[in-house]
S.K.: 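So that we are looking at the same thing, I have put the structure below in C-alpha cells.
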Amino acid sequence: MSKTTLEQWRMLKAVVEHGGFAHAAEAVHKSQSSINHAVHKLQDQLGVALLEVKGRKAHLTEAGALLLRRAERLLEQSEQLEDIATGLAAGTEAELRLAIDEVFPQCFLADALQAFSNQFPNTRIQLFETVLSGGAEKLVAGEVDILIAGSAPQGFMGNPLLRAEFIAVASAEHPLHRLQRELSLDDLRQHRQIVIRDSALHDSRDSGWLGAEQRWTVSHVATSADMVSRGMGYAWLPSTRVAEGLESGILRELPLGKASRRYAELNLIHADQETAGPAARALEKLLAQTCAGMR
C-alpha cells in the first residue's frame, strides 16, 4: 500500500505555488492547519525533508523538487482519469472511428480535428483515409462510426458537406498542351492516365475516365498528383490538391471544354444517427462549419 496520498501531494504543490501555507489555504479553500498537517505528515511518512523556510516563504528542498516533479505527473493523470470518467458518465465516446475519402480537403479535416481535440481531449480518434467505395465498405461492416464519402451506402442517410471539384490537369510540359487546341477523347487515349484505385476490398472500382490505352493505377491522391506534376501522365484531381501547382504554372488545366471539370457531393454519414454520442455530433458540426464556405 502507498504511504502517501494524492491529496497530500496536491497540498504540497499548493504551498510551493502560492509561496506559503496561508496563501495555499486561501487558494484551495482549506484551513491552514489542515494543509500544514498534510505536508508535515507527508515528510514524516517519506522520511525526507521536502520544504525549508527562507524568510517568510517555504521553498522546496532538492529532494522535494525531485519528488514533486514526479508527483505532478500522477496528479495530472488523476485529473485526466476524472475527466474521462465524467465524460463517460455523460455519454461521451471514448473513441471515434472515421473513414474520410481522400478527396476531402485535408486542411478542412485538420481544422475540424484540431477544434475537436480542444473540446474532447480524451476521445481517441482512429482515422481511415479511403478512396471511392472503401469507406462505405467499412461503414457497412461496422468498422467506422462516421464516413465522409460521395454517397451513402444502402440503408444509410448522409448530410451534405461540400461539393468537391475535380480538374483534368497535366504538367505544363505535357505533350497534350503542345497541341494548342481543345482536346478530344481520341487525344486522351494516346497518353497515360493516372487512376486512383478504389480502396474497397470487394466490388471495387477505379476513379476517372479510364479510356486511355496507357493507364497507371495508384492508391493515393497524393501519389497521382506527384506523378502528374512530374509529367508522367494526366488525371482528374481535386481542385484543392492542384491549386498550388496551377497557380505556380507547374500544372495546367487540360483544354477539354466543360469536360475538364467534374463535381461530386461529399456527405457525412453516421453509422447510427440516433445513437451518435456528443463527441460524434460535435465533430459533425465542426466539419460542417469548416466546409460552409465551399457550398
Side-chain angles (χ1 to χ4, degrees), residues 6 10 72-164 198-204 219-222 238 240 264-295:
L6 289 175
R10 193 173 284 113
E72 284 175 338
R73 298 177 197 170
L74 295 175
L75 292 172
E76 290 174 2
Q77 291 172 356
S78 174
E79 291 174 0
Q80 289 173 359
L81 281 173
E82 292 174 1
D83 289 343
I84 292 171
T86 300
L88 291 173
T92 302
E93 304 90 322
E95 178 179 89
L96 284 179
R97 302 164 300 168
L98 318 177
I100 312 292
D101 195 293
E102 284 199 5
V103 302
F104 187 78
Q106 291 178 317
C107 58
F108 289 0
L109 177 61
D111 288 345
L113 288 179
Q114 185 173 27
F116 176 82
S117 175
N118 294 333
Q119 292 184 30
F120 297 89
N122 298 312
T123 297
R124 298 189 303 274
I125 292 289
Q126 281 202 52
L127 177 64
F128 300 92
E129 296 172 283
T130 58
V131 178
L132 295 173
S133 55
E137 186 178 79
K138 286 186 173 296
L139 184 72
V140 172
E143 297 175 4
V144 296
D145 306 301
I146 293 175
L147 167 66
I148 294 179
S151 60
Q154 187 174 3
F156 295 86
M157 293 185 63
N159 298 318
L161 276 181
L162 61 83
R163 190 187 191 208
D198 195 325
S199 62
L201 298 177
H202 308 287
D203 299 324
S204 64
S219 297
H220 301 286
V221 174
T240 54
E265 291 288 338
L266 289 179
N267 300 276
L268 186 144
I269 306 118
H270 284 281
D272 189 334
Q273 180 77 44
E274 293 183 356
T275 61
R281 294 184 183 279
L283 182 56
E284 178 181 11
K285 183 177 180 180
L286 290 168
L287 286 164
Q289 288 173 347
T290 62
C291 297
M294 290 283 287
R295 292 204 59 78

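This one's a predicted model, so the numbers in the text were calculated from it and none came from an experiment.
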S.K.: Per the ring pair (Phe, Tyr, Trp, His ring centres under 6.0 Å) rule, what does the pair list look like for residues 114-142, sequence neighbours excluded?
M.R.: Phe116-Phe120
S.K.: List the atom of Val221, the atom of Pro238, and the distance in Å for their closest heavy-atom pair.
M.R.: CG1-CD, 3.9 Å
S.K.: Do the side chains of Gln273 and Glu284 get nearer than 4.5 Å, heavy atoms only?
M.R.: yes
S.K.: How close do Leu162 and Cys291 get, heavy atom to heavy atom, and via which atoms?
M.R.: CD2-SG, 3.4 Å
S.K.: Atom CZ in Arg97, atom CG in Leu139: separation rounded to 0.5 Å?
M.R.: 9.5 Å
S.K.: Apply side chain to side chain contact (heavy atoms under 4.5 Å, CB included) to the pair Asp145 and Leu98, showing each step before the final yes or no.
M.R.: CA-CA 6 Å; Asp145 306 301; Leu98 318 177; 5.8 Å; no
S.K.: Would you name the heavy atoms of Ile269 and Ser151 that are closest together and state the gap between them?
M.R.: CD1-O, 4.1 Å
S.K.: Which pairs count as salt bridge (charged side-chain N to carboxylate O under 4.0 Å, His left out) when at least one residue sits in residues 153-162, sequence neighbours excluded?
M.R.: none
S.K.: Between Asp198 (side chain only) and Ser133 (backbone N and O only), is there a donor and an acceptor less than 3.5 Å apart?
M.R.: yes
S.K.: Might you point out which heavy atoms bring Gly135 and Ala99 nearest each other, and give the distance in Å?
M.R.: CA-CB, 4.1 Å
S.K.: For Asp101, check side chain to side chain contact (heavy atoms under 4.5 Å, CB included) against everything at least two apart and list the hits.
M.R.: Val103
S.K.: Find out whether Leu109 and Phe104 are in side-chain contact, i.e. whether some heavy atom of one side chain is under 4.5 Å from a heavy atom of the other.
M.R.: yes
S.K.: Measure the spacing between CD1 of Ile100 and CD of Gln106 and express it to the nearest 0.5 Å.
M.R.: 11.5 Å
S.K.: According to salt bridge (charged side-chain N to carboxylate O under 4.0 Å, His left out), who are the partners of Glu143, at least two apart in sequence or on a separate chain?
M.R.: Lys138
S.K.: Taking salt bridge (charged side-chain N to carboxylate O under 4.0 Å, His left out) as the test, write out the residues that go with Arg124, two or more places apart.
M.R.: Glu95
S.K.: Dump the intermediate steps for side chain to side chain contact (heavy atoms under 4.5 Å, CB included) on Gln126 and Leu96, then the final yes or no.
M.R.: CA-CA 6 Å; Gln126 281 202 52; Leu96 284 179; over 6 Å; no
S.K.: Enter the distance from Ser78:OG to Arg10:CZ here, rounded to the nearest 0.5 Å.
M.R.: 5.5 Å
S.K.: Not counting sequence neighbours, list each pair that qualifies as a side chain to side chain donor-acceptor pair (under 3.5 Å) and has a residue in residues 111-120.
M.R.: none
S.K.: Search all heavy atoms of Gly134 against all heavy atoms of Ser199 and return the closest pair with its distance.
M.R.: CA-OG, 3.2 Å
S.K.: Can you name the residues that form a side chain to side chain contact (heavy atoms under 4.5 Å, CB included) with Ala149, not counting sequence neighbours?
M.R.: Leu147
S.K.: Please lay out, stage by stage, how Gln77 and Leu74 fare under the test side chain to side chain contact (heavy atoms under 4.5 Å, CB included).
M.R.: CA-CA 5 Å; Gln77 291 172 356; Leu74 295 175; 4.0 Å; yes
S.K.: Residues in side chain to side chain contact (heavy atoms under 4.5 Å, CB included) with Ala276, at least two apart?
M.R.: His270, Ala280, Arg281
S.K.: Start with the C-alpha gap between Thr290 and Leu161, add the side-chain angles, then the distance that decides, and say whether side chain to side chain contact (heavy atoms under 4.5 Å, CB included) holds.
M.R.: CA-CA 9 Å; Thr290 62; Leu161 276 181; over 6 Å; no
S.K.: Is it true that a side-chain atom of Thr240 and a backbone atom of Pro105 form a donor plus acceptor pair closer than 3.5 Å?
M.R.: no
S.K.: Between Asn267 and Gly150 (side chain of the first, backbone of the second, donor and acceptor by atom type, cut-off under 3.5 Å), is there such a pair?
M.R.: yes
S.K.: Sub-3.5 Å donor-acceptor pair from the side chain of Glu102 to the main-chain atoms of Thr130, do we have one?
M.R.: no
S.K.: Hey, could you give me the CG/CD distance between Leu283 and Glu93, rounded to the nearest 0.5 Å?
M.R.: 9.5 Å
